[in-house]
Amino acid sequence: MKKQYWLMKSEPDVYSYDDLVSEGEGTWDGVRNHTAAIHLRTMKVGDEAFFYHSNIGLEIVGIITISQEHFIDPTDEKARFVAVKVKPVRKIANSVTLKAIKANPKLAAMELIRQSRLSVAPVRPEEWKEILKMAGE
DNA sequence: GCCAACGTTGGC
DNA sequence: GCCAACGTTGGC
């Protein structure tokens, strides 16, 4: 299957991009939303995702890659939800803010905009390219 | 199976 | 700190 693109949100005071970099590999657990969980289940090793800082920053700061496909979330006592493992790829040249994304008509259909509470969302290939362009890459 | 009440997320 | 959007729960 062709490589898929995602956007994954984290509050930087809880778990930031730099935290992931210093760990080398991170477990993306704690997702308790069914729609987000479906996306986690769809992810394949080698898929890439934007790392978005919610709450503080409100911007895409870097790129990560899926390093292990879904498994039972170890933090879920009922073992109903899943987690994946991720590794950092690189920081983007210039972080792309939510404000800039909202101001770009090409990105109006993004799940990030349409369903802002969703913590794991798909990104279309053309949106991926557009955001990289905005990041100065 | 419907819907009101409540909880959570996340932007402002 | 507030509120909108959405999900979940529980009474009927």
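Chain letters run A, B, ... following the sequence lines, proteins first, then strands; residues in each count from 1.
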query = Okay, side chain of A:Glu137, backbone of A:Ala93: is any donor-acceptor separation there less than 3.5 Å?
reply = yes
query = Okay, side chain of A:Asp29, backbone of A:Thr75: is any donor-acceptor separation there less than 3.5 Å?
reply = no
What is the distance, rounded to the nearest whole Å, between atom [atom1] of [X] and atom [atom2] of [N]?
X        : N      : atom1 : atom2 : result
A:Ile56  : B:dT9  : CD1   : P     : 15 Å
A:Arg114 : B:dT9  : CZ    : C1'   : 19 Å
A:Gln115 : B:dG11 : CD    : C1'   : 15 Å
A:His34  : B:dT9  : NE2   : C1'   : 18 Å
A:Leu98  : B:dT9  : CG    : P     : 18 Å
A:Met8   : B:dT9  : CE    : P     : 16 Å
A:Lys9   : C:dA5  : NZ    : P     : 14 Å
A:Leu118 : C:dC6  : CG    : P     : 10 Å

request  = Return no unless some side-chain N or O of A:Tyr52 is found under 4.0 Å from OP1 or OP2 of B:dG11.
outcome  = yes
ask   = What does A:Lys99 touch in the nucleic acid at a heavy-atom separation under 4.0 angstrom: a base, only the sugar-phosphate, or nothing?
value = nothing
remark   = Quick note, A:Arg117 side chain, CB onward, closest among B:dG11, B:dT9, C:dG7 is B:dT9
key: Donor-acceptor pair (no angle test) under 3.5 Å: A:Arg32 side chain, B:dT8 base   = no
query = Taking the six-membered ring for Trp, are A:Phe51 and A:Trp28 ring centroids under 6.0 Å apart?
reply = yes
note = Tested for side-chain contact (heavy atoms from CB on, under 4.5 Å) against A:Val86, the lone hit among A:Thr65, A:Thr27, A:Ile64 is A:Ile64
